[in-house]
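All remarks here apply to the structure that follows.
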Amino acid sequence: MDVASFCRQSRVLIVAGKGGVGKTTIAAALARMAALAGVSVLVVELEGKPGMPAAFGRTGELDYEETVLVETGKTTAEVRARRITPDDALLEYLADHGMKRISKRLVSSGTLDVVSTAIPGIRDILVLGRVKQLERDRLADLIIVDAPATGHAMTFLSSAQGLLDAARSGPVRAQAAEVVELLSDPARSQVALVTLPEEMPVNEVVEAAYQLEDRVGVTLGPVIANGCLPDDPRLAEDPVAAAAAAGVTLLPGQADALRAAADFRNHRRGLQEEQLARLAQELPLPQFRAPFLFSPTIGLPELDQLASALADGVARLDDSPPRTPVEARPGVTP
């Protein structure tokens, strides 16, 4: 499958994963990959982290107003980004429905927090409702949502169904129903889960995948394994012999240190492959691999490296339609 077709499978791609797996970086890499394929992107950030603009070489944090991260060029489409908070979403909702004066009073009186938390789950509905409106307005070819960490993401994505079950009528139910329609339509939204090739993150991403399909009814896209060590045959060679062949003279003790480092790296890669094989067995989803980057920061060069790796994963996909939800885990009778 080509990258442009992959990015146009669904108008909203929600990127979720456990805290610390590099979810925001992968969301930025997906945006970069799409832009390089000529697909315009709007990134929606929810937690106010500076990592997204920094990855594109920008400073500061995102605001409710859109920021252009990448301008349209000869070889790239535009990437814009914005932050959506429940309070800002509520104010815009009121303004769109002719209640701008009320929204101003809420701000001036300090009662905005009271209103936005009056109904359990309403804050998540406000944010998802805004994402739904952005999707309807077709402001970009692809909207990438940098979702909360999986613990909150489960509540975040299931809140609409909960409110739909609880509210019998009124604007809250109508908003919840529209959000459920968005999340349950694979042509409109999918979820990409991010993990690390380690035992605990793999356990959590498998559990999250089945819960998301069971409780939310979303369609899952590829699972992205971040921080993968490369498969380079040269790394299996004796590093001391390779150094000697390259004309490098090692000082006393360096040969032992070099061999110990190589053994550690090969051991880590062996564990990585075991976990990725287990992930493929327990979670029947296409698997993308993003490389481990030996860099203290993520900028455009690193982002391009990640985007290239993700594009390689897309190239291995066939052109079949999005996967339907699983009925049960492999080996488990429903």
Side-chain angles (χ1 to χ4, degrees), residues 6 13 15-30 32-33 51 55 146-147 149-151 153 191-212 220-243 256-299 301-317 323 326 329-331:
F6 170 80
L13 182 63
V15 182
K18 181 180 180 293
V21 300
K23 172 177 57 66
T24 297
T25 299
I26 292 299
L30 287 166
R32 180 66 172 167
M33 179 189 75
D146 184 10
T150 45
V191 174
L193 292 170
V194 183
T195 186
L196 294 175
E198 301 170 7
E199 182 177 6
M200 187 63 71
V202 166
N203 290 342
E204 294 193 6
V205 80
V206 171
E207 186 68 27
Y210 284 94
Q211 286 191 28
L212 282 171
L220 297 176
V223 60
I224 302 171
N226 189 25
C228 294
L229 294 171
D231 181 14
D232 189 340
R234 293 173 299 178
L235 296 175
E237 300 174 359
D238 181 355
V240 176
D256 291 339
L258 192 59
R259 285 198 175 99
D263 290 343
F264 176 79
R265 184 263 174 204
N266 291 331
H267 176 68
R268 290 291 300 172
R269 190 173 184 284
L271 294 176
Q272 165 188 295
E273 292 305 309
E274 289 178 8
Q275 294 304 320
L276 292 178
R278 183 170 69 87
L279 175 62
Q281 181 179 8
E282 297 188 15
L283 193 59
L285 289 170
Q287 190 180 110
F288 292 176
R289 296 190 181 190
F292 185 95
L293 299 180
F294 297 89
S295 172
T297 59
I298 301 296
E302 293 79 16
L303 206 58
D304 284 344
Q305 187 177 348
L306 292 171
S308 177
L310 295 176
D312 289 342
V314 171
R316 291 191 292 270
L317 295 176
R323 164 184 174 274
V326 295
R329 298 190 183 191

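Every heavy atom of this structure was used, including side-chain atoms; hydrogens, water molecules and symmetry mates were not. All values reported here derive from a predicted model rather than from experimental measurement.
- Annotation: side chain of V191 is not in contact with side chain of V15 (no heavy-atom distance under 4.5 Å).
- For the pair V314 and M33, the minimum side-chain heavy-atom distance is below 4.5 Å.
- Here the closest heavy-atom approach between residue P197 and residue Q272 is recorded as CB-CG, 3.5 Å.
- Remark: side-chain polar atoms of K18 are not paired, donor with acceptor, to backbone N or O of E204 under 3.5 angstrom.
- Within the 4.5 Å cutoff, the side chain of L276 has heavy atoms near those of the R289 side chain.
- Every residue meeting the side-chain contact (heavy atoms from CB on, under 4.5 Å) condition with E199, not counting sequence neighbours, appears here in chain and number order: N203, Q275, R278.
- R269 has its side chain out of reach of E274: every pair of non-hydrogen atoms, C-beta onward, lies at least 4.5 Å apart.
- Counting heavy atoms from C-beta on, the side chains of L306 and P291 come closer than 4.5 Å.
- Within the 4.5 Å cutoff, side-chain heavy atoms of L279 are placed close to those of V202.
- Listed by first and then second residue, the salt bridge (Lys or Arg N to Asp or Glu O under 4.0 Å) pairs that reach into residues 304-316 are R32-D304, sequence neighbours excluded.
- At a threshold of 4.5 Å between non-hydrogen side-chain atoms, the residues T25 and E302 do not count as touching.
- In this structure the side chain of T195 never reaches within 4.5 angstrom of the side chain of I224, judged on heavy atoms.
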